[in-house]
Visitor: 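Before I ask anything, here is the structure I am working with.
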Amino acid sequence: GSAAKPLPAYASWKDADSMIVHSANTIETRRMAFGNGVITPTNRLFVRNNVAPPTDANMVKEPESWTLEVSGVAKPRSFTVAELKTLGLAAVPMVLQCSGNGRAWFPHKPSGTQWTVGAAGCVIFTGVPVKALLEAVGGMTEGMVYMTSTGGEPIPQGLDPNTIRVERSVPISAMEDAILAWEINGEALPLAHGGPLRIIVPGYTGVNSIKYIKHLSFTKEQSPAKIQQTSYRWSPVGEKSSASHDSIWELPVKSWINYPSDPEQTVAAGRVQISGIAMGGMTAAKSIEVSVNGGKDWKKAEFVGPDLGRYAWREFVFSADLAAGTHELACRATNEAGDTQPEARRENNRGYINNSWRDHMVAVKVA
Ligand code: MSS
């Protein structure tokens, strides 16, 4: 590959040694940098922007005065963050995972960032439940089908806003657990992660959690923005995506091993602690199995550390006695809904939502 790129200014506070800088808008967490503490430290959390983030330095200086417009409700109005803070409070531990995480393993080499495992993290967002906001505005207008969020990036003049605007619609059922967040892991939400205010849609892929949200509306139709209509769709390989293909929304069950996973490292023969993370998607991770022979035999592994609820991931460990040689380590999670992580990825043109256990396997040298 090419020489390591520096962190962009807006994310210069990230721990450089823990990150892979693909571009100024796409920064991945190294597989060996997740730790075993369940929560991903904010300075190691991945960053993904579809367009350059806002450069207005004042934006996060006075977070309380950022305003959110709310429409598609009985009493449309706008709220400052200070006003939102009076309506309710919830803390949501959850996996934030880019739709394209795992794209690097699609054999047809889809365009887009070649993420392996690091476009994901487990963090705690704090803010006001969308439900509490809805109560304050008299509920949504009758017949609404989608919850639509608009990002606060300035739209350059002379361009069709729909080609640039970061605006996503999700089914209104996703509203149940959604929050408007101003804090991440107990700290003010930095611009890189959507400060001053961001919507969080737990269980859904990252693109649906719109940063620097400036407009929340309940709508009958999905957003006309390109990012909704023709991007983030389950289109077949080789086929241009369109609104006729299903939208990329809910996350599936998934897991991967983080330790050992360094291809440069040789592990000492004998007792080895194999550890990683498991998530359930829309329901909690229920169990996790590990294979030390490339998926031929599976044994139950143990969850360790705190259980932070259905949208968070779990840490797991498996003790194995490994003899000298190369071992293919794999893991496979099952969620509360009874879905088990599949061996094969679900093929799609842009390489979204890879949860194949085989793709996430690691070959470890033992000596
Ligand atoms: N938001 C806005 N406003 N803008 C942009 O660009 N992106 C997406 C989300 N949101 C955006 C938004 C994506 S796409 C993702 S993943 C996420 O975000 C990420 O996050 P962080 O915080 O990590 O950066 Mo894929 O599905």
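Position 1 is the first residue of the sequence; numbering continues from there. Ligands are counted one by one from 1 in listed order, and the atoms in each one are counted from 1 as well.
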Visitor: With a cutoff of 4.0 Å, is Ala119 in contact with ligand 1, counting heavy atoms of the residue only?
Guide: no

Visitor: Are the side chain of Arg44 and the backbone N or O of Ala33 linked by a donor-acceptor pair below 3.5 Å?
Guide: yes

Visitor: If you compare all heavy atoms of Gly206 against all heavy atoms of Leu96, which two are closest, and at what distance to 0.1 Å?
Guide: CA-CD1, 4.1 Å

Visitor: Can you tell me if Asn355 uses its side chain to pair, donor with acceptor, with the backbone of Gln341 under 3.5 Å?
Guide: no

Visitor: Taking distance alone, with no angle check, do Asn49 and ligand 1 share an N/O pair under 3.5 Å?
Guide: no

Visitor: Any heavy atom of Leu45 sitting closer than 4.0 Å to ligand 1?
Guide: no

Visitor: Under 4.0 Å, heavy-atom basis, I'd like to know which part of Val166 is in contact with ligand 1: side chain, backbone, both or neither.
Guide: side chain

Visitor: Output yes when the distance from some N or O of ligand 1 to some N or O of Tyr212 is under 3.5 Å, and no in every other case.
Guide: no

Visitor: Measure the distances from the heavy atoms of Ser209 to every atom of ligand 1 and state whether one is below 4.0 angstrom.
Guide: yes

Visitor: Considering both backbone and side-chain atoms of Gly151, is one of its nitrogen or oxygen atoms within less than 3.5 Å of a nitrogen or oxygen in ligand 1?
Guide: no

Visitor: Name the option, out of Gln97, Glu153, Arg48, that contains the heavy atom nearest to atom 2 (C) of ligand 1.
Guide: Glu153

Visitor: I'd like the name of whichever of Lys214, Arg198, Glu28 reaches closest to atom 17 (C) of ligand 1 through any heavy atom.
Guide: Arg198

Visitor: Mark yes or no: Arg198 above the aromatic ring of Trp182, with NZ or CZ under 6.0 Å from the six-membered ring centre and no more than 45 degrees from the axis.
Guide: no

Visitor: Taking distance alone, with no angle check, do Leu96 and ligand 1 share an N/O pair under 3.5 Å?
Guide: no

Visitor: Before we go on, tell me: are the rings of Trp298 and Trp357 under 6.0 Å apart, centre to centre?
Guide: yes

Visitor: Among Ser71, Ser78, Ser149, which one satisfies side chain to side chain donor-acceptor pair (under 3.5 Å) with His215?
Guide: Ser71

Visitor: Got Leu68 and Leu180 here, is their nearest side-chain heavy-atom distance under 4.5 Å?
Guide: yes

Visitor: Between Pro53 and ligand 1, find which residue part has any heavy-atom pair under 4.0 Å and reply side chain, backbone, both or neither.
Guide: neither

Visitor: Within the structure, is a non-hydrogen atom of Tyr232 found at a distance of less than 4.0 Å from ligand 1?
Guide: yes

